[in-house]
Amino acid sequence: MDEVLEVVDLVADFGFGGVVVALLTLLGIVAVIAGLGLWLLTDAGLLVLPALLIVSGGVLTVAPGVVLVAAELVG
């Protein structure tokens with residue numbers, strides 16, 4: 001976990017923190033939309049993949065901003 005915070009702190013020092021957070025948030029939104037699309041628009045009997053996409057997309061939407069703020073507070 002310390003390595004992740006060091007990488008995030010390095011990215012924030014170079015001023016690319018907002019860009020990385022925006023890209024990961026966009027990726028999370030796309031994953032949520034893809035998961036909802038697989039769940040609602042297909043006749044999938046197995047709902048593990050759509051659920052995994054929705055949950056991971058939600059985490060990707062929220063977590064980068066939280067990690068960046070935590071890295072700025074700690075470092």
Side-chain angles (χ1 to χ4, degrees):
M1 184 69 180
D2 291 334
E3 292 84 16
V4 173
L5 289 176
E6 288 176 13
V7 169
V8 170
D9 191 32
L10 182 68
V11 168
D13 285 343
F14 283 119
F16 295 120
V19 175
V20 172
V21 169
L23 286 175
L24 288 176
T25 302
L26 183 64
L27 182 66
I29 291 171
V30 168
V32 168
I33 291 171
L36 286 173
L38 279 174
W39 180 46
L40 296 174
L41 302 175
T42 61
D43 188 26
L46 184 65
L47 295 176
V48 174
L49 182 62
L52 186 67
L53 280 171
I54 292 170
V55 170
S56 64
V59 169
L60 275 176
T61 303
V62 176
V66 173
V67 170
L68 187 65
V69 168
E72 289 177 358
L73 289 176
V74 170

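- In this view, Leu36 and Val32, Trp39, Ile54 satisfy the side chain to side chain contact (heavy atoms under 4.5 Å, CB included) rule, not counting sequence neighbours.
- Of the listed residues (Thr25, Leu23, Leu24), just one forms a side-chain contact (heavy atoms from CB on, under 4.5 Å) with Leu60, and that residue is Leu24.
- By the rule that hydrophobic residues join a cluster once side-chain heavy atoms approach within less than 4.5 Å of another member, Leu47 and Leu40 end up as members of one cluster.
- Nearest heavy atom pair, residue Leu38 against residue Pro50, reads CB-CG, 3.8 Å.
- Closest heavy-atom contact between Thr61 and Ile29: OG1-N, 3.8 Å.
- Among residues two or more places apart in sequence or in another chain, the side chain to side chain contact (heavy atoms under 4.5 Å, CB included) test is passed with Leu52 by none.
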